Amino acid sequence: MIFEASRAKAVDKLNHFIENNLSEYSKLRNFDFGPDNRSNISCLSPYISHGIINELEVIDKSLKKFSFSKNEKFIQEVLWRVYWKGWLELRPNVWSDYLGELNNLRNEFEKEQNYLKAIEGKTDLECFNQWVNELKENNYLHNHTRMWFASIWIFTLELPWQLGAEFFMQHLYDGDAASNTLGWRWVAGIQTQGKHYLASEWNIRKFTNNRFQNIKLNEDSPPKVSKKSYALTKQEFNNPQNIEEKNLLIFENNLAFEITDFKENKFEKIYIVSNKNNNRSIKLSKKLLKFKSLLMEDQKKRLKDKSIDCEIIDISEIENIENYYALYPAVGENLDYLNSNIIKMNFLYRNLDLLAWQFCNKGFFNFKNYIPKIISSLN
Ligand SMILES: Cc1cc2nc3c(=O)[nH]c(=O)nc-3n(C[C@H](O)[C@H](O)[C@H](O)COP(=O)(O)OP(=O)(O)OC[C@H]3O[C@@H](n4cnc5c(N)ncnc54)[C@H](O)[C@@H]3O)c2cc1C
């Protein structure tokens, strides 16, 4: 499976999915038919996570094709990302604690054979080994497979979830601090305390069309327990009343300025901020860094085509720029860098996030109730 690094290809993929496969999405979405047959899901996450296309654009197109009720499942899935992001924004210590725990575990497991076999795809489980190779080769896994993978990692291979989440972040083209960290916490049973996700042989067989044999799993393990609990931190997210003509920084989560809420505003110059491995806690694979860099080049080209002055810079060069706004990079590696190196930032937030994040204080079932309101307010 190939993900081409351009907005044009992402829009083609979106249009093709809406026209041909959206109608069967809720019925077929849980099947992983293998990397050569992904038509039952959209495979848009590498693009949405980089802001190449955005959630509202996807929802808008889906609603032009089908009614809200026919599309409800798909729209809910698209907004899970926004929900996870908002949930983490309100409890940013979950991310910093995760990185701290990861740091300790890395040293402890550096030479641990079970761990090394797992990340090399050399376990006794054929399905797991195939998924490891698929992750490294295609930089993508189906959602159900991510759940099985994480569950096997934690409950059958008995490895710490933090290391598994790091492995995903190193390779997934859609690697995202919120969806990934909280997805792994959820499988382990510490996101919704006491409720874990246990993969089972029959479930894997059914939803992979019996592609795998000898699936011997620990199907009877209790959830993981965490002593840490996270209270809501009161975060204020506001945009300035008047946006002045300053410079603008955009990060890897907003690589299509032309579809942002600020596309009509005038900026002196746009700086596309790249973040290499030296300033990241989690070191990304070469392929993933290349994918990000191609998406940045593609953004630069589209801006230049519109005669907008722009430049790609390294995150360490921000200190040389004056008088700027920054499109909010969200909790994650880029924000960590800014928080530890730069005193004051003027962030601009997406309208979708400003609206939706206020409903992320509780669970997704509560958030779901606000989806019609969120969509109608922003249309
Ligand atoms: C352990 C684990 C780790 C994960 N790590 C990531 C990650 O790093 N980055 C990431 O983008 N997603 C992550 N997910 C969520 C989900 O698996 C992917 O977003 C989805 O598989 C992307 O494939 P798709 O675009 O074909 O999805 P589709 O089924 O076509 O869904 C459409 C869109 O909805 C959103 N979406 C769907 N399911 C989810 C979900 N569970 N959570 C958040 N958004 C969702 C995505 O933007 C996706 O592109 C993770 C899930 C698990 C269980």
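Heads up: numbering here begins at 1 and tracks the sequence. Just so you know, ligand 1 is whichever comes first in the structure, and atom 1 is the first atom listed for that ligand. Please read all numbers here as calculations on a predicted model, not as lab measurements.
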So that I know where these two stand, are [X] and [Y] an aromatic pair - ring centroids less than 6.0 Å apart?
{"X": "Tyr324", "Y": "Tyr271", "answer": "no"}
{"X": "Tyr140", "Y": "Phe3", "answer": "yes"}
{"X": "Trp184", "Y": "Tyr197", "answer": "no"}

If we only count N/O pairs under 3.5 Å, is [X] in contact with ligand 1?
{"X": "Ser45", "answer": "yes"}
{"X": "Ser49", "answer": "no"}
{"X": "Phe168", "answer": "no"}
{"X": "Ile41", "answer": "no"}

For [atom], the protein heavy atom that lies nearest, with its residue and separation:
{"atom": "atom 3 (C) of ligand 1", "answer": "Asn180 OD1, 3.4 Å"}
{"atom": "atom 26 (O) of ligand 1", "answer": "Cys43 N, 2.7 Å"}
{"atom": "atom 14 (N) of ligand 1", "answer": "Arg146 NH1, 3.6 Å"}
{"atom": "atom 17 (O) of ligand 1", "answer": "Asn143 OD1, 2.7 Å"}
{"atom": "atom 11 (O) of ligand 1", "answer": "Arg81 NH2, 2.8 Å"}
{"atom": "atom 28 (P) of ligand 1", "answer": "Tyr25 OH, 3.5 Å"}
{"atom": "atom 35 (C) of ligand 1", "answer": "Glu77 O, 3.1 Å"}
{"atom": "atom 9 (N) of ligand 1", "answer": "Asp174 O, 2.8 Å"}

Close approach, [X] and ligand 1, non-hydrogen under 4.0 angstrom:
{"X": "Tyr47", "result": "no"}
{"X": "Trp186", "result": "no"}
{"X": "Tyr140", "result": "yes"}
{"X": "Arg29", "result": "no"}

- Heavy-atom closest pair, residues Ser6 and Leu295: N-CD2, 4.0 Å
Which ligand 1 atoms are under 4.0 Å away from a heavy-atom of [X]?
{"X": "Ser42", "value": "24 (P), 25 (O), 26 (O), 28 (P), 30 (O), 32 (C)"}
{"X": "Asp176", "value": "7 (C), 8 (O), 9 (N)"}
{"X": "Leu172", "value": "8 (O)"}

- Item | Proximity to ligand 1 by part of Ile48, non-hydrogen separation under 4.0 Å | side chain
[X] vs [Y] side-chain heavy atoms within contact, under 4.5 Å:
{"X": "Trp80", "Y": "Ser179", "answer": "no"}
{"X": "Phe262", "Y": "Asn265", "answer": "yes"}
{"X": "Lys287", "Y": "Gln170", "answer": "no"}

- Geometric cation-pi criterion, Arg91 with Trp87: 6.0 Å, 45°: yes
- Query: Honestly, is Lys373 close enough over Tyr370, meaning NZ or CZ under 6.0 Å from the six-membered ring centre and within 45° of the axis?
  - Reply: no
- Pair Asp336-Trp95, side-chain donor/acceptor within less than 3.5 Å: yes
- Classify the angle between the aromatic ring planes of Tyr115 and Trp153 as parallel (below 30°), tilted (30 to 60°) or perpendicular (above 60°). perpendicular
- Item | Option nearest atom 12 (N) of ligand 1 (shortest heavy-atom distance, choices Ser179, Ala177, Gly183) | Ser179
